[in-house]
There are 2 protein chains.
Amino acid sequence: MTQAVLKESETGGFEAFTPRQNAVLETALRLLVEGGGGALTTARIARAANCSKESLYKWFGDRDGLLAAIIAYQASKVRVPGTGPLPETEAAFREHLEQFASDLLSVLSGDVSLALNRLAIGQASRDDAHLGRLVLERGRRMIGQRAGALLEAGRRRGFIRYEDGDAVFQTLYGLVIRDFHVRQLLGDTLTTEEGDFSAQAKSAIDQFFALYGTEGAARS
Amino acid sequence: MTQAVLKESETGGFEAFTPRQNAVLETALRLLVEGGGGALTTARIARAANCSKESLYKWFGDRDGLLAAIIAYQASKVRVPGTGPLPETEAAFREHLEQFASDLLSVLSGDVSLALNRLAIGQASRDDAHLGRLVLERGRRMIGQRAGALLEAGRRRGFIRYEDGDAVFQTLYGLVIRDFHVRQLLGDTLTTEEGDFSAQAKSAIDQFFALYGTEGAARS
DNA sequence: TCCAATGCGTACCGTACCGTACGGTTCGGT
DNA sequence: ACCGAACCGTACGGTACGGTACGCATTGGA
């Protein structure tokens, strides 16, 4: 009985899967990306992963548990971009922000992220949003914490000025992501210009400094 | 044979439904909002609308046709906010922008809009995104056109300055919507502050003028 | 008054999926 | 060499859904 419980893991449920379970989840992720949410049935997963449905139910308890495990597994794989040392100079701070913005665009535009978000959004409704909350907790919240630390460091050094930490992060998010995320979720494809995440990030950070910077922002 | 064809209506298929069909689509929308995408089965729609499944298939041809008709019907109901006269003074221009931003937040946060977007996103995958394209065409594109006209009027009058019309609209969209849309799609609920769309719109337009305005932006 | 069309209600069929059960097999411990 | 646990492959029951067919009521026109 190696069932991996992670239901009601509001605080920080230590989800540890065996290597075999990780392989199964990896296969499930591949199926999800290739065939969309409709292709994610227990029979298909079992066949693709060379395991039995009985094992799936023994490991993950339920179909919702399996989906939740897939989300948790992917979240555990994606390490929050660069939790490294915080920047000391304004140039380094701007560099960090641009890197963060570019990484954010890349991650949210990735096949796996889009497929998982589509799955969670498709399952969500006004009442029940189990998977949606999980995605928000394991994904959005982590990114917000990372960005919050970065922005706070910039504020401490006097590179930017703001009062409401949540508001400034949401503005940064809006400037960087614009309508790209929802458009891609709906199946739209970005233009070649829009797909240049480095340039998009640079432009967004320029605008961000124009709003929150303390110095005359040197245009790139 | 009053089948309402609207497949491959890339240009602008004139979808006209009979009153009875409109009533059925209205009932379907109610079911969708109340019970999520999973509750949108042909049997349930027929029972709730007091019609037969055979009529559904005769009118809309297919289940996809039915879903597409629901989207088209809702899009035909929501009139693009205020296609009225364009503003002459800068104060009126700012007022128009704030109204547009507030309306955009209200529409995208509405139950029906969220449910339809969830449905289209849940159906979408990397290959097929039939409903997603329809939502983008009937919803996003209309909003973009309206905003483009408004912004162009402001530029003609010299209230704002920009070069790339698409880029400026996307920046406006990002400043207004931030991460609210995806969060709500995932089932999250906005805080009371975030739910004050009027205040959010004012703040966003302030930031927008700080980026693209020609005068020293008077902070409200 | 008759008739054809439209549409409602219901029953039905094939299929797909979730969840479970069973027989056979592999593998680590003793 | 033996045993039990874990696991794979497959099959099965129950259910729900998409799509179709049939019987009957209503309605508008000749």
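Below, read A as the first sequence line, B as the second, and so on, with proteins coming before strands; counting in each chain starts at 1. Nothing here was measured: the structure is a model prediction, and the numbers come from that model.
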A.B. asks: Sort me out a list of protein N/O and nucleotides 16-23 of chain D N/O pairs below 3.5 Å, or just none if empty.
C.D. replies:
| residue | atom | partner | partner atom | Å |
| --- | --- | --- | --- | --- |
| dC17(D) | OP1 | R44(B) | NH2 | 2.9 |
| dG18(D) | OP1 | R63(B) | NE | 2.5 |
| dG18(D) | OP2 | T42(B) | N | 3.1 |
| dG18(D) | OP2 | T42(B) | OG1 | 3.1 |
| dG19(D) | OP1 | D62(B) | OD1 | 2.9 |
| dG19(D) | OP2 | Y57(B) | OH | 3.2 |
| dG19(D) | OP2 | D62(B) | OD1 | 3.3 |
| dG19(D) | OP2 | R63(B) | N | 3.3 |
| dG19(D) | N7 | K53(B) | NZ | 2.8 |
| dG19(D) | O6 | K53(B) | NZ | 2.6 |
| dC22(D) | N4 | E54(B) | OE1 | 2.3 |

A.B. asks: Please state how far atom CG in N50(B) lies from atom P in dT10(C), giving the value in whole angstrom units.
C.D. replies: 10 Å
A.B. asks: Mark yes or no: R155(B) above the aromatic ring of Y162(B), with NZ or CZ under 6.0 Å from the six-membered ring centre and no more than 45 degrees from the axis.
C.D. replies: yes
A.B. asks: Only counting residues at least two apart or in another chain, list the ones meeting ring pair (Phe, Tyr, Trp, His ring centres under 6.0 Å) with F208(B).
C.D. replies: Y212(B)
A.B. asks: Applying side-chain hydrogen bond (donor to acceptor under 3.5 Å, both in side chains), which residue pairs with at least one partner in residues 43-54 of chain A are found, sequence neighbours left out?
C.D. replies: S52(A)-S55(A)
A.B. asks: Using the test salt bridge (charged side-chain N to carboxylate O under 4.0 Å, His left out), find all partners of R140(B) that sit at least two apart in sequence or belong to another chain.
C.D. replies: D179(A)
A.B. asks: So which of I205(A), I160(A), I177(A), L104(A) actually passes side chain to side chain contact (heavy atoms under 4.5 Å, CB included) with L172(A)?
C.D. replies: I205(A)
A.B. asks: Before accepting this row, confirm whether a basic side-chain N of the pair K202(A)/E95(A) lies closer than 4.0 Å to the acidic partner's carboxylate O.
C.D. replies: no
A.B. asks: To the nearest Å, give me how far apart CD1 (I45(B)) and P (dC8(C)) are.
C.D. replies: 14 Å
A.B. asks: Would you say R20(A) places a side-chain N or O within less than 4.0 Å of OP1 or OP2 belonging to dC8(D)?
C.D. replies: yes
A.B. asks: Output the rounded distance in Å from NZ (K58(A)) to P (dA21(C)).
C.D. replies: 12 Å
A.B. asks: What is the nucleic acid contact for R47(B), judged by heavy atoms within less than 4.0 Å: base, sugar-phosphate only, or nothing?
C.D. replies: nothing
A.B. asks: Using a strict threshold of under 4.0 Å (side-chain N to carboxylate O), is an ion pair present between R126(B) and D111(A)?
C.D. replies: yes
A.B. asks: Rounded to the nearest angstrom, tell me the gap between atom CH2 in W59(B) and atom P in dT6(C).
C.D. replies: 12 Å
A.B. asks: Which ones in residues 115-129 of chain B lie close to DNA chain C, meaning a heavy atom under 4.0 Å from one of its atoms?
C.D. replies: none
A.B. asks: Who are the ring pair (Phe, Tyr, Trp, His ring centres under 6.0 Å) partners of F169(A), not counting sequence neighbours?
C.D. replies: none
